[in-house]
Student: 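Once you've had a glance at the structure underneath, I'll fire off some questions.
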Amino acid sequence: AFLRRGAALLGDDVIALESQPGGIFALPSVASVHLRPGEQARLSAVDRSTLGEYRQVAGKTRYVCSHSCETLPFGALFLLERSAEGPAISPLNPVDPIALLACTFNLSVQTPERLTRQLDLISELAATGRIFTVRVLPGDDADSLAAAIDERLQASAR
């Protein structure tokens with residue numbers, strides 16, 4: 001939905017964050033998008049064409065995007081949560097470090113140094129005040145979620 005709004009692709013479902021001088025930065029991931037069958041069927045041919053080149057890979061529809069982006073400063077983190085009421089966006093306050101740790105590939109942490117870097121980054125993320133939960137109804141589509149998130153980002157920027 002954000003791509004169709006003109007945004008560049010940072011990543012489909014996994015984004016690496018890194019603490020650097022000047023703050024936290026998001027590093028781009030694979031420049032392709034996977035659509036669930038329901039979302040694929042809902043989009044028009046014109047909407048799908050804005051996502052990039054269509055490919056069928058291992059039985060999944062993937063769009064390889066030509067408009068991916070470079071490393072960007074961290075803006076905000078939105079944690080999706082299935083709910084009976086939604087979409088509603090609220091700041092995660094206080095931030096539960098366990099919730100942030102659960103969003104990571106912590107199985108790849110194999111050294112004490114890497115664990116220390118990961119925990120330091122989680123602490124730095126928590127201190128930003130830009131972590132939100134987004135309650136999602138089972139029938140919510142990507143457009144309504146993107147509009148709600150975009151509205152929240154615009155309000156935060158004021």
Side-chain angles (χ1 to χ4, degrees), residues 1-36 38-39 42 50-52 60 62-158:
F2 284 112
L3 290 172
R4 292 191 321 276
R5 292 168 160 251
L9 178 68
L10 188 58
D12 183 16
D13 60 354
V14 176
I15 296 170
L17 297 176
E18 180 175 77
S19 182
Q20 298 177 4
I24 300 171
F25 289 83
L27 289 72
S29 182
V30 177
S32 70
V33 174
H34 168 256
L35 293 182
R36 292 192 168 125
E39 197 66 19
R42 193 183 68 74
T50 65
L51 301 178
K60 292 184 177 182
R62 303 222 42 102
Y63 291 87
V64 179
C65 300
S66 59
H67 45 283
S68 58
C69 65
E70 302 299 322
T71 300
L72 294 171
F74 172 75
L77 177 62
F78 293 87
L79 303 172
L80 304 180
E81 136 187 327
R82 294 210 183 271
S83 176
E85 9 173 301
I89 301 175
S90 56
L92 189 59
N93 191 7
V95 175
D96 178 2
I98 301 299
L100 294 182
L101 189 59
C103 295
T104 69
F105 282 101
N106 53 26
L107 295 177
S108 65
V109 174
Q110 298 177 357
T111 65
E113 294 80 15
R114 186 162 177 166
L115 177 60
T116 299
R117 282 194 317 272
Q118 189 172 27
L119 293 174
D120 286 347
L121 180 64
I122 287 171
S123 176
E124 194 174 342
L125 275 173
T128 67
R130 295 180 307 219
I131 301 174
F132 303 90
T133 57
V134 181
R135 292 191 306 272
V136 181
L137 292 168
D140 284 345
D141 63 34
D143 286 327
S144 64
L145 291 175
I149 290 170
D150 195 31
E151 184 179 312
R152 180 59 183 217
L153 286 171
Q154 297 303 321
S156 296
R158 291 183 212 138

Student: Check the side chains of Ser123 and Asp120 for a donor-acceptor pair under 3.5 angstrom, ignoring hydrogens and angles.
Tutor: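 No donor-acceptor contact under 3.5 Å links the two side chains.
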Student: Decide yes or no for Val136 and Leu145: does some side-chain heavy atom of the first lie under 4.5 Å from some side-chain heavy atom of the second?
Tutor: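 The answer is yes, as the side chains (C-beta and beyond) meet within the 4.5 Å cut-off.
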Student: Which value, rounded to the nearest 0.5 Å, describes the distance between Arg117 atom CZ and Ile122 atom CD1?
Tutor: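 If we round to the nearest 0.5 Å, Arg117:CZ and Ile122:CD1 are 13.0 Å apart.
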Student: Please identify each residue that fulfils side-chain hydrogen bond (donor to acceptor under 3.5 Å, both in side chains) with Ser19, with sequence neighbours left out.
Tutor: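 Result, side-chain hydrogen bond (donor to acceptor under 3.5 Å, both in side chains) vs Ser19: Glu124.
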Student: Taking only residues at least two apart or on different chains, which pairs with a member in residues 2-30 satisfy ring-ring contact (aromatic ring centres under 6.0 Å, His included)?
Tutor: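 Checked against ring-ring contact (aromatic ring centres under 6.0 Å, His included) - neighbours excluded - no pair reaches residues 2-30.
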Student: Quick one: salt bridge (Lys or Arg N to Asp or Glu O under 4.0 Å) partners of Asp143, sequence neighbours excluded?
Tutor: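 If we apply the salt bridge (Lys or Arg N to Asp or Glu O under 4.0 Å) test to Asp143, skipping adjacent residues, the hits are Arg4, Arg42.
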Student: Please list, one pair per line, the donor and acceptor atoms closer than 3.5 Å that link side chains of residues 125-132 to other protein atoms, with sequence neighbours excluded.
Tutor:
from, atom 1, to, atom 2, distance (Å)
Thr128, OG1, Leu125, O, 2.7
Thr128, OG1, Arg130, N, 3.1
Arg130, NE, Gly75, O, 2.9

Student: Provide the closest heavy-atom pair for Ile15 versus Leu27 in the form atom of the first, atom of the second, distance.
Tutor: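 Scanning both residues, the minimum pair turns out to be CG2-O, 3.6 Å.
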Student: Can you find a heavy atom in the side chain of Arg152 that is under 4.5 Å from one in the side chain of Phe78?
Tutor: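 In contact.
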Student: For the atom pair CG (Leu51) and OG (Ser32), what is the distance rounded to the nearest 0.5 Å?
Tutor: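 So the CG of Leu51 and the OG of Ser32 are separated by 11.0 Å.
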Student: Mind checking the OG1-CG spacing from Thr133 to Leu80? Nearest 0.5 Å is all I need.
Tutor: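 Reported value, rounded in 0.5 Å steps: 9.5 Å.
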Student: Closest heavy-atom contact between Leu153 and Ala76?
Tutor: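 That would be CD2-CB, 4.0 Å.
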Student: Apply salt bridge (Lys or Arg N to Asp or Glu O under 4.0 Å) to Arg62 and list each qualifying residue two or more places apart in sequence or on a separate chain.
Tutor: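 Applying salt bridge (Lys or Arg N to Asp or Glu O under 4.0 Å) to Arg62 gives Asp12.
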Student: Taking the side chain as every heavy atom from C-beta outward, state whether Val134 and Glu81 have any atom pair closer than 4.5 Å.
Tutor: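 SC-SC contact between Val134 and Glu81 ruled out.
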Student: Please name the pair of heavy atoms, one in Ala142 and one in Ala1, separated by the smallest distance, quoted to 0.1 Å.
Tutor: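 Minimum heavy-atom contact is O-CB, 3.5 Å.
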Student: Grab the two heavy atoms, one from Leu137 and one from Ala84, that are nearest each other, plus how far apart they are.
Tutor: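 Looking at all heavy atoms of both residues, the closest pair is CD2-O, 2.9 Å.
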Student: With the side chain counted from C-beta on, respond yes when Thr50 and Leu3 share a heavy-atom pair under 4.5 Å apart, and no when they do not.
Tutor: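 Heavy-atom side-chain distance check fails, nothing below 4.5 Å.
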Student: Minimum heavy-atom separation for Leu10 and Glu70, please, with both atom names.
Tutor: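 Residues Leu10 and Glu70, closest heavy atoms: CD1-O, 4.1 Å.
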Student: Could you state the interatomic distance from CD (Gln118) to CG (Leu101), rounded to the nearest 0.5 Å?
Tutor: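 Separation between the atoms: 5.5 Å.
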Student: Does any part of the side chain of Leu77, heavy atoms only, come nearer than 4.5 Å to the side chain of Leu100, both counted from C-beta?
Tutor: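 In contact.
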Student: Go through the structure and list residues passing salt bridge (Lys or Arg N to Asp or Glu O under 4.0 Å) with Arg5, not counting sequence neighbours.
Tutor: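 Scan of Arg5 (salt bridge (Lys or Arg N to Asp or Glu O under 4.0 Å), adjacent residues dropped) gives Asp150.
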